[in-house]
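We use all heavy atoms of the structure for the numbers below, so side chains are in, but hydrogens, waters and symmetry mates are not. Residues: numbered from 1 along the sequence shown. Whatever order the structure lists them in is the order used to number ligands and atoms, beginning at 1.
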Amino acid sequence: MAVDLPAELIDRLRAARRIVAFTGAGISAESGLSTFRDTQTGLWAKYRPEDLATPQAFRRNPRMVWEWYEWRRGFVAQAAPNPGHHALAQIEAARPGFLLATQNVDGLHARAGSRNLVELHGNIRRTICLDHRHPAESWAPVDEPPPRCGQCGAPLRPDVVWFGETLPEAALRRAQEAAVQCDLFLSIGTSTMVYPAAELPFMAGAHGATVIEINPDFTPLSRLANFVLRENAGTALPAVASAMLD
Ligand code: OAD
């Protein structure tokens, strides 16, 4: 195996019964999707988030925001889960006390087979209306996007959490409960900067869990983590899964 895991880490991986994996955009980088904060490649390097991912931006310029999400949906539709996503689905299949809390809106975890899954920031492939959150599967074409809700006529928007909006309450609660109860917490491919999701690894650590970070770069979690794997998720997670399960 290309990744050398310390013996102490392997012991803790094997002993773990309640496991939480927490993922961010980094896990999908190897599927060809841009992360948010990486200089050079990050989506936010090219577009100011405050111009695109807020309710105010949508009210000000709904067409631009809708078309930007359409553009991103195109990348997501072409992307496929990578070995990192598959390794997490494999761990879940073998360990009943496993929860995956993701900040990603790309749906790649579900496509890899993860089922004990909470999507803290929504899902870009789902569409709802602005006023009542009516779900929309399809819509009539319009000259001036965004299209309209078939039930109430309000503009349609992606079912994602925008800056300044609250996270889906049940999803956040489920992730927080699992974080404080787990004995092993894996934080993967996230800059650990966007709250309240970023609290989760710190909550787990404060309640005694072994915290493992998988990220090629330093983050605010790096100092607290019991183990840091400076690797890409697509390399480190298969190694973690085989150490845990073989
Ligand atoms: P970021 O773009 O902030 O962070 C991505 C992290 O992934 C960075 O720390 C990278 O070092 C790391 N990384 C890059 N390639 C990697 C790889 N192959 N394997 C492992 N790690 C890698 O993305 P998030 O932390 O997900 O919120 O951002 C959190 C939230 O901020 C997003 O969900 C989004 C954004 O604003 C909303 O849209 C509400």
Side-chain angles (χ1 to χ4, degrees), residues 2-3 21-58 65 68-69 72-73 75-76 79-88 100-109 112 117-126 157-169 171-172 175 186-202 212-225 227-241:
V3 182
F22 172 56
T23 61
I27 194 171
S28 294
E30 289 159 88
S31 294
L33 299 177
S34 293
T35 63
F36 294 98
R37 281 174 195 77
D38 290 343
T39 47
Q40 311 285 322
T41 57
L43 287 171
W44 289 165
K46 285 173 257 167
Y47 302 92
R48 290 170 9 116
E50 55 273 29
D51 290 341
L52 297 163
T54 68
Q56 296 80 357
F58 188 71
V65 174
W68 184 63
Y69 276 97
R72 289 182 58 197
R73 271 197 292 271
F75 287 107
V76 166
N82 66 55
H85 298 103
H86 289 300
L88 290 175
L100 173 53
T102 188
Q103 299 164 90
N104 298 344
V105 297
D106 56 35
L108 290 181
H109 285 304
L117 172 66
V118 292
E119 293 179 319
L120 295 165
H121 292 166
N123 190 313
I124 198 172
R125 291 157 70 101
R126 286 194 308 260
R157 58 162 284 180
D159 187 7
V160 299
V161 176
W162 279 333
F163 290 103
E165 293 185 322
T166 53
L167 273 60
E169 204 182 316
L172 182 61
L186 294 155
S187 182
I188 305 147
T190 174
S191 57
T192 333
M193 281 175 25
V194 176
Y195 284 77
E199 260 163 17
L200 293 168
F202 296 97
I212 302 164
E213 176 175 69
I214 298 175
N215 196 314
D217 289 326
F218 185 87
T219 78
L221 180 66
S222 300
R223 273 200 199 92
L224 173 120
F227 298 92
V228 177
L229 302 178
R230 290 270 171 255
E231 303 278 351
N232 287 335
T235 308
L237 280 171
V240 164

S.K.: Evaluate the side-chain proximity of R72 to P158: yes if any heavy-atom separation is below 4.5 Å, no if none is.
M.R.: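 The answer is no, as the side chains (C-beta and beyond) never meet within the 4.5 Å cut-off.
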S.K.: List in chain and number order the residues that pass salt bridge (Lys or Arg N to Asp or Glu O under 4.0 Å) with R230, two or more places apart in sequence or in another chain; answer none if no residue qualifies.
M.R.: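 R230 satisfies salt bridge (Lys or Arg N to Asp or Glu O under 4.0 Å) with E213 only.
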S.K.: Where does Q103 meet ligand 1, judged by heavy-atom distances below 4.0 Å: at the side chain, the backbone, both, or neither?
M.R.: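 Near ligand 1, Q103 shows its backbone as well as its side chain.
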S.K.: Any atom of ligand 1 sitting under 4.0 Å from a heavy atom of W162?
M.R.: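 No, that is not the case, since the closest heavy atom of the residue is not under 4.0 Å from the ligand.
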S.K.: Using only atom types and a distance under 3.5 Å, with no angle test, would you say the side chain of T54 pairs donor to acceptor with the backbone of A57?
M.R.: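 Here the side-chain-to-backbone pair exists.
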S.K.: Using a plain distance cutoff, I'd like to know if A233 has any nitrogen or oxygen under 3.5 Å from a nitrogen or oxygen of ligand 1.
M.R.: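 Such a contact does occur with ligand 1.
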S.K.: Which atom pairs, one a donor and one an acceptor, fall under 3.5 Å between side chains of residues 189-198 and the rest of the protein, sequence neighbours left out?
M.R.:
residue: T190; atom: OG1; partner: Q103; partner atom: NE2; Å: 3.0
residue: T190; atom: OG1; partner: T192; partner atom: N; Å: 3.1
residue: T192; atom: OG1; partner: T190; partner atom: O; Å: 3.1

S.K.: So between T102, D217, N215, whose heavy atom ends up nearest atom 12 (C) of ligand 1?
M.R.: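 Shortest heavy-atom distance from atom 12 (C) of ligand 1: N215.
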S.K.: Measure from atom 22 (C) of ligand 1 to every heavy atom in S191, A198, A25, P216 and give the option owning the shortest one.
M.R.: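 Of the listed residues, P216 has the closest heavy atom.
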S.K.: Decide, yes or no, whether a salt bridge links E119 with R126 under the criterion of side-chain N to carboxylate O below 4.0 Å.
M.R.: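 Salt bridge flag = yes for R126 with E119.
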S.K.: Look at the aromatic rings of F58 and W162 and report parallel, tilted or perpendicular, splitting at 30° and 60°.
M.R.: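 Correct class here is tilted.
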S.K.: So is A53 in contact with ligand 1, going by heavy-atom distances below 4.0 Å?
M.R.: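 No, A53 has no heavy atom closer than 4.0 Å to ligand 1.
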S.K.: I'd like to check which ligand 1 atoms, numbered from 1 as shown, lie under 4.0 Å from a non-hydrogen atom of F163.
M.R.: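 That gives atoms 36 (O) of ligand 1.
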S.K.: Would you call V240 and I212 a side-chain contact if the rule is heavy atoms closer than 4.5 Å?
M.R.: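 No, every pair of side-chain atoms sits at 4.5 Å or beyond.
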S.K.: Check T35 against ligand 1 and report side chain, backbone, both or neither, counting heavy atoms closer than 4.0 Å.
M.R.: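 It is both backbone and side chain that touch ligand 1.
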S.K.: May I ask whether M193 places a heavy atom under 4.0 Å from ligand 1?
M.R.: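 It does not; every heavy atom stays at 4.0 Å or beyond.
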